[in-house]
Amino acid sequence: MANESRSSGIGIGMVLFIVFLVLKLTGTIDWSWWWVTSPLWIPFAVAVVILGVVGLIGSIVEFIRYNK
């Protein structure tokens, strides 16, 4: 018998977004909508930056290897 574990709950980013959204809509915070939605887009931006750095390092390594 295989033990399968599945999680269908919402993550910390979604919880933070919902909290920020409620606070913004009730007037408790006066943040820009960019900051209210930041828990949704910041992880994507970090992943893009990491992939860019890895790609740049890979390109430099290939350039050095090719020009030996």
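Everything numeric in this text was worked out from a predicted model, so none of it was measured.
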J.: Sequence neighbours left out, what passes side chain to side chain donor-acceptor pair (under 3.5 Å) with W41? Give chain and number order.
T.: T37
J.: Considering only distance and modelled atom types, tabulate donor-acceptor pairs under 3.5 Å from the side chains of residues 12-26, sequence neighbours left out.
T.:
{"unit_1": "K24", "atom_1": "NZ", "unit_2": "W31", "atom_2": "O", "d": "2.4"}
{"unit_1": "T26", "atom_1": "OG1", "unit_2": "V22", "atom_2": "O", "d": "2.9"}
{"unit_1": "T26", "atom_1": "OG1", "unit_2": "L23", "atom_2": "O", "d": "3.2"}
{"unit_1": "T26", "atom_1": "OG1", "unit_2": "T28", "atom_2": "OG1", "d": "3.0"}

J.: For S32, check side chain to side chain donor-acceptor pair (under 3.5 Å) against everything at least two apart and list the hits.
T.: none
J.: In this structure, are over 12 heavy atoms from other groups packed under 6.0 Å from W33 atom CH2?
T.: yes
J.: What are the two closest heavy atoms between P43 and S38, and how far apart are they?
T.: CD-O, 4.2 Å
J.: Under 4.5 Å between side-chain heavy atoms, hopping through other hydrophobics if needed: is there a path connecting I42 to V49?
T.: no
J.: Side-chain atoms of residues 50-64: list all donor-acceptor pairs with protein atoms under 3.5 Å, sequence neighbours left out, distances to 0.1 Å.
T.:
{"unit_1": "S59", "atom_1": "OG", "unit_2": "G55", "atom_2": "O", "d": "2.9"}
{"unit_1": "E62", "atom_1": "OE2", "unit_2": "R65", "atom_2": "NH1", "d": "3.4"}

J.: Linking Ile, Leu, Val, Met, Phe, Trp and Tyr by side-chain heavy atoms under 4.5 Å, what else ends up with V48?
T.: F44
